[in-house]
Enquirer: 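Just dropping this structure here.
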Amino acid sequence: MSGPRTIIHFLSILILLLWSAVLLYFHMSGRVAAYLPPDGIFRQMVLISGIGLAVVALFNLFTTNSEDAGCDAHGCDHDHSHDHHEGCGHDHGHKHGGTCGHDHSHDHNHKHGPECESDHTHHEGCGHDHGHQHHAGCGHDHADHDHSHGILAESSWPGRIAAILVLSAPLTWAAFQSPDRYSANAITNKGLYNPNYSDTSNADKFTLRTETAETKAERPKPNVTPQPTAPLPPPAQFAMPEAVVKASPKAPEKAQSYGSFTLEDLKKQVPQSKEGNFILEVPEIYYTAGDAEVQKAITGQPVETTAQVLPEKVNNADGHRLRVFRMLVQCCAADARPYSVPVDFGKKAPEFKDMTWVKVIGTMSYKKEGDQMVPIIQATKIEETTAPADAMIY
């Protein structure tokens with residue numbers, strides 16, 4: 001290959017490897033799994049595409065010196081328009097029948113110079129133009145013809161550089177600059193401080209009960225449409241707790257009774273730590289506010305949960321509370337919403353960096369605040385911890 005063609009060949013390989021590396025990085029780092037539920041095949045296709053691009057790149061790399069194979073002096077299967085000059089040394093004697101139809105307007109049986117032994121015998125009526133020439137020492141080896149195609153091969157170098165930047169720069173920038181999580185402001189704007197504890201849209205998924213035909217029949221249809229809320233103020237205004245209170249949801253209905261549920265039922269349904277704490281996810285705690293029988297069974301019981309933490313901006317005039325939350329994904333990260341509950345320390349709450357992952361241990365309590373029955377963890381211990389394998393709940 002010629003010098004420019006070799007450079008273009010290796011640049012193409014590097015671009016393929018870059019695309020492969022980005023896809024494999026997103027898969028292996030868990031960033032795809034963190035933002036998309038396991039339904040469908042997109043997660044798997046990211047891995048397959050990454051491997052496929054790497055295979056194509058490596059194949060092109062290892063076959064670099066053989067891409068012109070077969071295009072030699074006698075095996076080339078494409079048209080070489082060439083000139084013949086003296087010293088050619090090969091025979092151009094081709095014959096045509098009387099009905100050929102080509103126009104031979106030149107003298108046949110001519111030679112191309114003193115060293116050319118070619119015999120150009122043509123018959124009349126041929127009608128085609130033999131105005132081709134051969135250069136001295138031709139040898140008919142055309143293996144080094146530059147016949148590449150594509151934007152990198154056919155553009156000028158400024159065009160090639162622009163194409164390379166378009167193919168690689170946006171993907172590279174996105175891979176390194178895309179955030180791995182929501183910001184505190186994004187969580188706030190998604191309704192962190194105005195939860196609707198009477199909403200039953202996902203209650204079936206997080207209920208602490210074992211569903212039977214009877215309990216399913218008793219449970220009301222999910223309230224898919226949340227109750228109307230006042231418009232949220234801009235994030236900066238959440239520094240004022242009263243602004244958050246004004247954004248609270250409309251008065252909900254009181255907790256429903258879905259039949260008997262006892263402490264023994266709770267022990268059967270919920271795993272416990274070696275210390276005897278009921279291990280619950282935040283959405284499970286959240287939905288206990290809508291089930292009167294579960295509330296009675298779990299009130300005063302030790303619980304623990306792992307969640308992210310933000311300052312409490314609602315009903316926290318004395319500064320004794322923090323708010324913990326988990327993000328629940330329905331379809332993809334774009335539609336994720338926070339499920340949150342307050343944590344009360346009975347004294348000044350400890351300080352944590354926003355969005356820190358913590359493990360909270362305490363006892364369950366419920367308190368009517370405004371028009372809602374609010375589940376509250378009365379904390380006995382809180383400590384920073386590592387994020388779970390799935391940062392979002394699906």
Side-chain angles (χ1 to χ4, degrees), residues 187 192 195 197 202-211 215 255 257-312 314-316 319-328 338-369 372-394:
I187 300 295
L192 177 73
Y197 294 113
N202 284 298
D204 288 344
K205 184 176 181 180
F206 296 105
T207 180
L208 302 186
R209 296 173 178 271
T210 298
E211 293 284 39
T215 57
S257 177
Y258 300 105
S260 175
F261 187 87
T262 66
L263 180 57
E264 290 305 313
D265 294 322
L266 183 66
K267 291 179 179 179
K268 291 178 183 178
Q269 308 308 321
V270 180
Q272 292 178 268
S273 68
K274 61 182 180 180
E275 296 81 13
N277 304 324
F278 291 100
I279 302 173
L280 297 170
E281 298 283 11
V282 171
E284 292 176 318
I285 298 174
Y286 181 100
Y287 280 113
T288 61
D291 191 325
E293 299 301 328
V294 170
Q295 282 185 35
K296 292 177 183 178
I298 201 172
T299 296
Q301 296 300 316
V303 297
E304 71 176 60
T305 190
T306 299
Q308 289 178 276
V309 64
L310 281 171
E312 178 62 289
V314 179
N315 298 319
N316 191 31
H320 289 180
R321 292 183 180 182
L322 294 174
R323 182 163 288 265
V324 295
F325 70 94
R326 290 293 299 273
M327 298 296 290
L328 177 68
Y339 281 75
S340 68
V341 296
V343 179
D344 197 304
F345 294 87
K347 58 182 180 181
K348 183 174 175 56
E351 294 184 0
F352 288 93
K353 184 179 178 181
D354 288 357
M355 309 293 286
T356 298
W357 283 94
V358 295
K359 182 168 78 171
V360 180
I361 299 174
T363 58
M364 279 305 305
S365 66
Y366 296 84
K367 182 179 179 182
K368 190 168 185 179
E369 297 182 346
Q372 296 206 79
M373 185 60 71
V374 180
I376 303 172
I377 302 175
Q378 301 292 338
T380 56
K381 183 179 180 181
I382 184 171
E383 61 184 4
E384 187 171 343
T385 189
T386 56
D390 287 322
M392 297 189 183
I393 298 174
Y394 301 97

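Quick caveat, the model's predicted, so the values are computed rather than measured. Each residue takes its place number in the sequence, starting with 1. These numbers come from the heavy atoms of this one structure, side chains and all, not from hydrogens, waters or symmetry mates.
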Enquirer: Listing request: all side chain to side chain donor-acceptor pair (under 3.5 Å) pairs with a residue in residues 346-362, at least two apart in sequence or in separate chains.
Expert: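 Sorted pair list comes back empty.
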
Enquirer: If the condition is side chain to side chain donor-acceptor pair (under 3.5 Å), which residues does T363 pass it with, not counting sequence neighbours?
Expert: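 If we apply the side chain to side chain donor-acceptor pair (under 3.5 Å) test to T363, skipping adjacent residues, there are no hits.
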
Enquirer: If we check side chain to side chain donor-acceptor pair (under 3.5 Å) with R209, which of these qualifies: D265, D204, D291?
Expert: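 Of the listed residues D265, D204, D291, the side chain to side chain donor-acceptor pair (under 3.5 Å) partner of R209 is D291.
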
Enquirer: If the condition is salt bridge (Lys or Arg N to Asp or Glu O under 4.0 Å), which residues does E369 pass it with, not counting sequence neighbours?
Expert: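 In terms of salt bridge (Lys or Arg N to Asp or Glu O under 4.0 Å), with neighbours along the sequence ignored, E369 is linked to R321.
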
Enquirer: Return a table of donor-acceptor pairs under 3.5 angstrom between the side chains of residues 376-388 and protein atoms on other chains or two or more places apart.
Expert:
{"unit_1": "Q378", "atom_1": "NE2", "unit_2": "S365", "atom_2": "OG", "d": "3.1"}
{"unit_1": "T380", "atom_1": "OG1", "unit_2": "I361", "atom_2": "O", "d": "3.1"}

Enquirer: State, with a plain yes or no, whether a side-chain heavy atom of Y394 is found less than 4.5 Å away from one of L328.
Expert: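 Contact flag for Y394/L328 side chains = no.
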
Enquirer: Within a strict 4.5 Å, meaning less than it, do heavy atoms of the M355 and L310 side chains meet?
Expert: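 A side-chain contact exists here, since the closest heavy-atom pair is under 4.5 Å.
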
Enquirer: Run the ring-ring contact (aromatic ring centres under 6.0 Å, His included) test against F261 and tell me which residues pass, sequence neighbours left out.
Expert: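 Partners of F261 under the ring-ring contact (aromatic ring centres under 6.0 Å, His included) test: none.
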
Enquirer: Does E312 reach the main-chain N or O of V314 with its side chain, forming a donor-acceptor pair under 3.5 Å?
Expert: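 Yes; judged by distance alone, with no hydrogens or angles, the pair exists.
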
Enquirer: Can you list everything that forms a side chain to side chain donor-acceptor pair (under 3.5 Å) with T305? Sequence neighbours excluded, please.
Expert: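 So T305 forms no side chain to side chain donor-acceptor pair (under 3.5 Å) with any residue.
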
Enquirer: Work out which heavy atom in A307 is nearest to a heavy atom in R326; give both atom names and the distance.
Expert: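 For A307 versus R326, the nearest heavy atoms are CA-CD, 3.8 Å.
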
Enquirer: With a 3.5 Å cut-off and no angle check, do the side chains of Y366 and T288 form a donor-acceptor pair?
Expert: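 Per modelled atom types, Y366 and T288 side chains form a pair under 3.5 Å.
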
Enquirer: Could you tabulate the donor-acceptor pairs under 3.5 Å formed by side-chain atoms of residues 266-279, not counting sequence neighbours?
Expert:
{"unit_1": "Q269", "atom_1": "OE1", "unit_2": "T210", "atom_2": "OG1", "d": "2.3"}
{"unit_1": "Q269", "atom_1": "NE2", "unit_2": "T210", "atom_2": "OG1", "d": "2.8"}
{"unit_1": "Q272", "atom_1": "NE2", "unit_2": "G276", "atom_2": "O", "d": "2.9"}
{"unit_1": "S273", "atom_1": "OG", "unit_2": "E275", "atom_2": "N", "d": "3.3"}
{"unit_1": "S273", "atom_1": "OG", "unit_2": "E275", "atom_2": "OE1", "d": "3.1"}
{"unit_1": "S273", "atom_1": "OG", "unit_2": "N277", "atom_2": "N", "d": "3.1"}
{"unit_1": "N277", "atom_1": "ND2", "unit_2": "E304", "atom_2": "OE1", "d": "3.2"}

Enquirer: What pairs with Y339 under side chain to side chain donor-acceptor pair (under 3.5 Å), at least two apart in sequence or on another chain?
Expert: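 Listed in chain order: N202, Y287, R337.
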
